[in-house]
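These notes are about the structure you will find just below.
Every chain is numbered from 1, with letters handed out A, B, ... down the list of sequences. Every heavy atom of this structure was used, including side-chain atoms; hydrogens, water molecules and symmetry mates were not.
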Amino acid sequence: MAVDPAYFAEMEARIPRGGVRTRFAPSPTGYMHVGNLRTALYAWLIARHAGGTFLLRIEDTDQERLVEDAAEVIYRTMAQCGLTHDEGPDIGGPVGPYIQTQRRDIYGRYAELLLEKGCAYRCFCTEERLAEMRARGGGKDVVKYDRHCLHLSEAEIREKLDAGIPYVIRQKIPEGRTTFSDVIFGEISVDNEELEDQILIKSDGLPTYNFANVIDDHLMGITHVVRGSEYLSSAPKYNLLYEAFGWDVPVYIHCSPVMRDAHNKMSKRHGDPSYEDLIAAGYLTEAVVNYVSLLGWSPGGEREIFSLRELAEVFDIKGISKSPAIFDPLKLNHFNAEWIKAMTPEAFHAAAEPWIRQSVKDPALDTAAIAALLQQRCEKLSDIPEKVDFFDALPDYDCALYVNKKMKTTLENCREALLFTLPELEALEDWSNDALAALLMKLAADRELKNGRVMWPVRVAVSGKQSTPGGATEICAILGREESLRRVRDGIARLEAAIAAAE
RNA sequence: GGCCCGGUGGUCAAGCGGCUAAGACACCGCCCUUUCACGGCGGUAACACGGGUUCGAUUCCCGUCCGGGUCACCA
């Protein structure tokens, strides 16, 4: 039971020194929400900006909440976002293992060390006794552990140990006041009276998050700890632990949460989107990363569009804000639209094609040409199917669509326009957008009409929709001669029926 | 409830004692235009409140209010 100094010396020797080291340490719940992604992103950016090391560690000490294959989602999300790690469970590294359940004996050893230093003690209290203690806690809402086991004698401890009574190891909080420093929040100081003798090692022998975190961050040489602000209140306890071990305290960066609205954090429970949900909803990874980076951080200038690489260049911890940020899907839409517009036509076509094909089944239709019309007009890829459904099949539209005040169109003049346009279209040899446009504009000019007087009825006839990506001629060019002419004739028939019905 | 933290337009935010208080999204209007978009131009809209400190407070201090976090053998 005596601690072995050589063991600790060896562990210390493994710690990489010099250079920035950050980590992302999720617990595998099978869900990577936007807040998690942002935390990972900031940790990654801090490391990359400094030319340091970024590592991934899986915190799976809660046996009751284990989710099958949950780590896969994390690996996948990180990889897709470009948040590459230099060390981690899948690729190893100098301070492994990187999965907490595989480090079990490490925590045990360090807990023993604390025991020997007199900074921790064994507690044999049962759940029942604890519950009782809280129950008779008087009028207080919250009751700290009463240190019932703090003063057990060696003999008593021995006796209980021999009897096989389960126990936990608790941190012994000293008297006084603890002050710690956070890059974002500055100096924070609390009275140790507020701190409980928290459990370090659970009765199942596994460490609590709080303990494992301190041990791992130290043994893995983490220089900058990035985590959510919900850990701000336990930071003093961490400091006390570092002090007890005689270790240097890392730089703390506590980030305020990403909110779904003014009162609630983004959460799985509320159905808020995970990274993968956003991708499935038609968002681009670049846009998500870009937008998320700006939720609670500002580069200072007026520029907002940044690639991951550019973010790594300009990222500065000082730009992280103290207050929570509400996730605004509308603004994400804007970033997505910007990233879509920035794509090459080829890249956009590749990304858009599956979405186009959701509603455009006819293999003869040119998805590249359709994509070209779409690129400036969609915010999310998921906007696409609804916008292009008319290519496949003309919807059963209402002739009221033909009447447009701004275009000065009526049922009658639309019928007239289609009637004089139809034979010209039938005679047109070059069925390209340019030729179609030249023809229709000439037809309008010959009659001293605004282009819209001809374009509008043709566009309505070939699309059957109020608005479309692309105008009359672009749609005709994509539909092809036969289908376009068929739809124009159909339009004439519909107009005649509508006019007859009106009379 | 105790303790900790926060509070600039609807949202994200710049600001760090002296500004007509940036910019972006959203919204509205105009222009462009073969629809819708894109683009261009313009507009509405904010320092939670009350005390100090100061020649001068959005900026510093105190209080109030509001909001968040935390007080587990969860992370």
Just to be sure I understand the rule, does A:G296 reach a base, reach only the sugar-phosphate, or reach nothing, if contact means heavy atoms closer than 4.0 Å? sugar-phosphate

Taking NZ, NE, NH1 and NH2 as the nitrogens, is one of them in A:E412 or A:R415 under 4.0 Å from a carboxylate oxygen of the other? no

Of the listed nucleotides (B:rU34, B:rG68, B:rA22), which one gets closest to any side-chain atom of A:E302? B:rA22

Per A:E338 side chain, nearest of listed nucleotides B:rC71, B:rG39, B:rU70: B:rG39

OP1 or OP2 of B:rG67 versus the side-chain N and O atoms of A:S323: is any pair under 4.0 Å? no

Using atom C1' of each nucleotide, how far apart are B:rA45 and B:rC5 to the nearest Å? 29 Å

Torsion-based syn/anti label for B:rC62, 90° from 0 as limit: anti

In terms of heavy-atom contacts, A:L332 and A:A287 come closest through CD1-O, 3.9 Å

Gap in Å between the two C1' atoms, one belonging to B:rC47 and one to B:rA21, rounded: 8 Å

Does A:D197 come within less than 4.0 Å of A:K144, counting only side-chain N to carboxylate O? no

Is any NZ, NE, NH1 or NH2 atom of the basic residue among A:R494 and A:D396 found under 4.0 Å from an Asp or Glu carboxylate oxygen of the other? yes

Categorize A:S321 for me: base, sugar-phosphate, or nothing, with a 4.0 angstrom heavy-atom threshold over every strand shown. sugar-phosphate

Can you tell me, in whole Å, how much space there is between the C1' of B:rU70 and that of B:rA75? 13 Å

Which part of the nucleic acid, if any, lies within reach of A:E59 when heavy atoms closer than 4.0 Å are counted: base, sugar-phosphate only, or nothing? sugar-phosphate

Testing B:rA75, B:rC12, B:rC36 for proximity to the side chain of A:A325, the answer is B:rC12

Give one of base, sugar-phosphate or nothing for A:T468, where a contact means two heavy atoms less than 4.0 Å apart. base

Please evaluate the base of B:rC38 for a donor-acceptor partner in the side chain of A:R377 within a cut-off of under 3.5 Å? no

Ionic contact status for A:K237 with A:E243, cut-off 4.0 Å: no

Base-pairing mate for B:rU35 - Watson-Crick or G-U, with both contacts under 3.5 Å: none

Taking the C1' atom in each of B:rA46 and B:rU59, what is the distance between them to the nearest angstrom? 15 Å

Across all strands shown, which nucleotide pairs with B:rC3 by Watson-Crick or G-U wobble geometry, both distances under 3.5 Å? B:rG69

Can we say A:D490 and A:R487 salt-bridge, meaning some charged N sits less than 4.0 Å from an Asp/Glu carboxylate O? no

If you measure from the C1' atom in B:rG9 to the same atom in B:rC25, how many Å do you get, rounded? 12 Å

Same-atom distance (P) from B:rU35 to B:rC30, integer angstrom: 15 Å

Among the candidates B:rC25, B:rA72, B:rG2, find the nucleotide nearest to the side-chain atoms of A:I199. B:rA72

Does a donor on one side chain and an acceptor on the other come within less than 3.5 Å for A:Y238 and A:D217? no

Between B:rU35, B:rG68, B:rG39, which nucleotide gets closest to the side-chain atoms of A:H263? B:rG68

Both A:K237 and A:R177 contact RNA chain B. Taking the nearest nucleotide for each, which residue is further toward the 5' end? A:R177

Could you measure between the two P atoms, the one in B:rA22 and the one in B:rA37, and give it in whole Å? 29 Å

Pick base, sugar-phosphate or nothing for A:C125, based on heavy-atom distances below 4.0 Å to the nucleic acid. base

Is any side-chain N or O of A:K331 under 3.5 Å from a base N or O of B:rA24, one able to act as donor and the other as acceptor? yes

May I ask you to verify if any side-chain N or O of A:K322 is less than 4.0 angstrom from the OP1 or OP2 atom of B:rG6? yes

If you find the nucleotide of RNA chain B closest to A:K144 and the one closest to A:M259, which residue's nucleotide is nearer the 5' end? A:M259

Which nucleotide wins on minimum distance to the side chain of A:R170, given the candidates B:rA13, B:rU11, B:rC73? B:rC73

Look at the side chain of A:T208 against the base of B:rC73 and say whether a donor-acceptor pair falls under 3.5 Å; ignore hydrogens and angles. no

If you check the A:V168 side chain, which of B:rG39, B:rC73, B:rC36 turns out closest? B:rC73

Are A:R453 and A:E448 within salt-bridge range, i.e. N to O under 4.0 Å? no

Between B:rA26 and A:H334, is there an OP1 or OP2 to side-chain N/O distance shorter than 4.0 Å? no

Among B:rC4, B:rU34, B:rA75, the nucleotide that comes nearest once only the side chain of A:T61 is considered: B:rA75

Looking for any heavy atom pair under 4.0 Å, which part of the strands does A:Q198 touch: base, sugar-phosphate only, or nothing? nothing

What is the nucleic acid contact for A:K341, judged by heavy atoms within less than 4.0 Å: base, sugar-phosphate only, or nothing? sugar-phosphate

Nucleotide of B:rG6, B:rC36, B:rU34 approaching A:N451 most closely (side-chain heavy atoms): B:rU34

Keeping the roles fixed (side chain from A:S484, backbone from A:C476), state whether a donor-acceptor pair exists under 3.5 Å. yes

To the nearest angstrom, how far is A:E194 atom CD from B:rG69 atom P? 18 Å

Indicate, with a heavy-atom threshold strictly under 4.0 Å, whether A:A472 touches base, sugar-phosphate, or nothing. base

Which whole number of Å gives the distance between the C1' atom of B:rU54 and that of B:rC62? 16 Å

Searching all strands shown, indicate the nucleotide that pairs with B:rG29 (Watson-Crick or G-U wobble; both distances under 3.5 Å). B:rC41

Regarding A:M407, tell me which of base, sugar-phosphate or nothing describes its non-hydrogen contacts under 4.0 Å with the strands shown. sugar-phosphate

Over all strands shown, is A:Y231 touching base, sugar-phosphate only, or nothing at heavy-atom distances under 4.0 angstrom? base

Report which part of the nucleic acid A:H254 touches: base, sugar-phosphate, or nothing (heavy-atom distance under 4.0 Å, all strands). nothing

Look at the side chain of A:E304 and decide which nucleotide, out of B:rA75, B:rC4, B:rA24, has an atom nearest to it. B:rA24

Tell me whether the OP1 or OP2 atom of B:rA75 has a side-chain N or O from A:K202 closer than 4.0 Å. yes

